Each structure stands twice: as structure tokens, then as C-alpha cells.
Amino acid sequence: MSPGFLRILSGCLVLISAVAGHGREAEAEGLHDSLKSVEAATDQTGLQVFTTFATYDADGLLKSLAEIESRLETEDAQPLDRYLLAQGYVHLLIIHKFYDRSLPAEMPGVLKELKRDALSEKGQQFARDFAAAHPDHSDIHRVLGELISFQIQGMVAGMTKGPLAREAVDRALELDPKNGWAVFSAARMHFHNPPFAGGDKDLALKEFRQVAESLDRFRVQLYLARAYESREMLSQARFWAKKSLRTAPDNPEAKFFFEQLNARIKEGS
Amino acid sequence: MSVRRVLVSLMLVSAAGCQSFEKLRSGDATVGEEEVHAAGRSSDAALTEDLHHLLAHRESYSTEVVVAAIQALADRGDPASVGHIALISEDSSEEVRWHVAVALAKIGGDQARQVLSVMAKTDPSEMVREEAALFEAAR
């Protein structure tokens, strides 16, 4: 057997065992929003990592990331800066992926030359540096898992990167089962993965609902809308899409999804 | 409509035809939202009563199951359901009340219009008030 084949095989086994052992959704009631503590602790520049994300302002987000990065080795550096940078790269990847897949003609100029793989690697470096200094910090492992998941494009990448992403999210959940974003990340994997790789849309729906009860965030609400749409429960999908738009009224992805969904409902009526 | 969506819809309709709706029929509070949702697509007339029974015992069920029941009744479109749905128009959950507004607008009729008119003016949630007002605006 070739080493490449063995690597893929072991990747599959890790993925299957990780998914099989994932029965902790029932444990994690009353979740908390791990990002709220970062928002509360950071300064105006750090806050922009979140405010720019609500509107998918890639230009503003890149500027705030550059500013935080430039202060890393100075006396202005803040304790959570690397965590914030890693989360900022998650935001950047979400924005990039949305425009790339749904509205390529409207892709912001600043994102056109950027490659998702390179953005993910850069974000992972900040996450790993922060995790090395704070190994018991649950959410940095979740962030790392999310960053790795953006490198999954196609079956082969899924077999190699999938288990790594899963491992990081599992570590986050191990350290803090009530970390709402870690439960959300597990739900994303259940939602996106094919059944043979642990995908389970019913489970994902339950997990997204559980997260939405505690986290009033447009990204969670939008995923819940998507999960309902995938189950053909369109009225429920519309409710959650509308909720996400109320939470982030100028978010292009929430607007896009809501319009597409309304067109579907109209088409079916 | 994409081929995938058509296939998913066909699967759901055929699944509704084969389902026993055991938990819904027996009033089991652990019934899942998918089973309740599927009742909306079933031709079994007796299920309407089971859905009414579920709404009458709202406190025993989770929000998502109640929402699925409201939606299932809206899909079945029986005007006799309006009164049963209207009973929970002041539910504490915004999600439930929003779906009450959607369902009443879908079923229609004078009684539904009266309830919607009240909801459009008095519901504590702007999102629910907006949804209830859509019916009047569309007339």
C-alpha cells in the first residue's frame, strides 16, 4: 500500500471515530457566546473585526486586521490580539467564500487577489500561536477548526483536512462543552459533510436550534434558516432568515439568502 | 426548481404517505418536528384533530414542534383550524406567534382576518406585527 493511500485511510478512520463519538449535544444546554468576552475586552480597532463582519465590509476588516497585526510586537499589543486576528481571518474567509460562490461579479476588489488557502494558513498561524500560550482556551481550538475547514475543497482535501478540523472542534468541546460557537462548528460539519463522513442534517438542525437559543448572532440564525430550507420546512426557514436580517440588516449574505428563499416560496405557491 | 429540490420534495411527500405518525396520534410529547411537519402533507384527515390536540396542549411541547404543527395545519388548509391556531396567538414565543400569523394568512377567511388585524396592532414583536399586517396589505 502506498503511503498516500495509508494517509487517506487513516484520515477516514479518524473522521469516522470522531463523528461516532460525538454524542455530546445533549450535554451542552445553556450555551454561552465565547466571542462576547473578546468584544468586551478589546479596543475600537478590535471591535471593528466584528462590526465590519456584520456588513461584510472586507476593506474595513482587512484594515483592522493589518492594524492589529502591526501592533503585535509593540507595547500597544493586547492580550487577545492573536485570538482576535484568527477570528478575523475566519470572518474574511466567510466573506470571500460567499462572494466567490454566490455573487462572484460583486466580489470586493480587495478580496480578488486573495486565495482562501493562504488566508486560512495565515489565520491558523495566529490561532496556533495563541493556543500555544493558552492551551486550555476552548474557543481558540474552535477557531482553528473553522480555519482548517475552509481548506476543504473536494473529496481529497475533505479526507485530510476534515479530521483535523474535527479534532480541533472536538478539543474545543472537550475543554468547554458549553461553548456555543464550538457546538455551532460541530453543527456546521454535520450540516455540510456527506453522510459517509458523519454528515447528519437532522442532528445539525437540532444543534443549530440549540445554539440559536443562546447566541443572538446573524450567522447562527442564517445557518438555522439554511438547515430548515434543506429539510423543505420553508416557513421556518423564512422566519430564521428574517431574524438574521433583523440582527444584521446590511449583511449581503442574509439579504441574498432571504431573496432566494422568497423566490423559491413564490415559485412553489 | 432544481432536480435535487424536486427529488427532496418527492421523498418528503412519499415519506409522509408511509409514516405512521404514531407519536403524533398518541399525543406523545417527544414527537419530533419532522414527523409533525410531515402531517401537513398527509391525506389522512384524522391527523387534523391530532394537530389541534397538540396545540391545545402547547405547554407540553417544544417551540419547534408547536411551530411545525401550526405549519402543518396551514398546509392542510382546513378553515376549522383557524380557531385552534388563534388560541395560541398570544403565546410567549415570538417564533410561535409569527407562524400563527403566517398560517392564518394562508388559511384566510373572516375569523383569520380579525385575529390578524389584532395581532398587527398589538403584538409586542415588530416582526410579528409586520407579518400579520402583510395579509391586510395584500388584499
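Naming convention: chains lettered A, B, ... in sequence-line order (proteins, then strands); numbering from 1 in each chain. What you see is a predicted model; the values in this text were computed from it and never measured.
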field: pair K242(A)-W98(B): side-chain heavy atoms closer than 4.5 Å
entry: yes
query: So which of E126(B), E94(B), E95(B) actually passes salt bridge (charged side-chain N to carboxylate O under 4.0 Å, His left out) with K243(A)?
result: E94(B)
- prompt: Taking C-beta and beyond as the side chain, do E33(B) and R231(A) meet within less than 4.5 Å on heavy atoms?
  reply: no
task: Determine which residues belonging to residues 67-83 of chain B lie within contact range of chain A, meaning some heavy atom pair is under 4.5 Å apart, and list them by number or answer 'none'.
output: V67(B), A68(B), Q71(B)
task: Using a heavy-atom cutoff of under 4.5 Å, enumerate the residues of residues 248-257 of chain A that contact chain B, numbered in order, or state 'none'.
output: none
- prompt: Around atom CD of E39(A), are there more than 12 heavy atoms of other residues, nucleotides or ligands at under 6.0 Å?
  reply: yes
- request: Kindly indicate whether the side chain of Q236(A), heavy atoms from C-beta on, has any atom under 4.5 Å from the side chain of E64(B).
  value: no
field: R238(A) side chain reached by E131(B) side chain, heavy atoms, under 4.5 Å
entry: yes
message: What I want to find out is whether E34(B) reaches K206(A) closely enough, with some N-O distance under 4.0 Å, to be called a salt bridge.
response: no
- prompt: If we only count heavy atoms from C-beta on, is the H37(B) to Y228(A) side-chain gap below 4.5 Å?
  reply: no
- request: Inspect the surroundings of NZ in K36(A) and state if more than 12 heavy atoms from other residues, nucleotides or ligands are less than 6.0 Å away.
  value: no
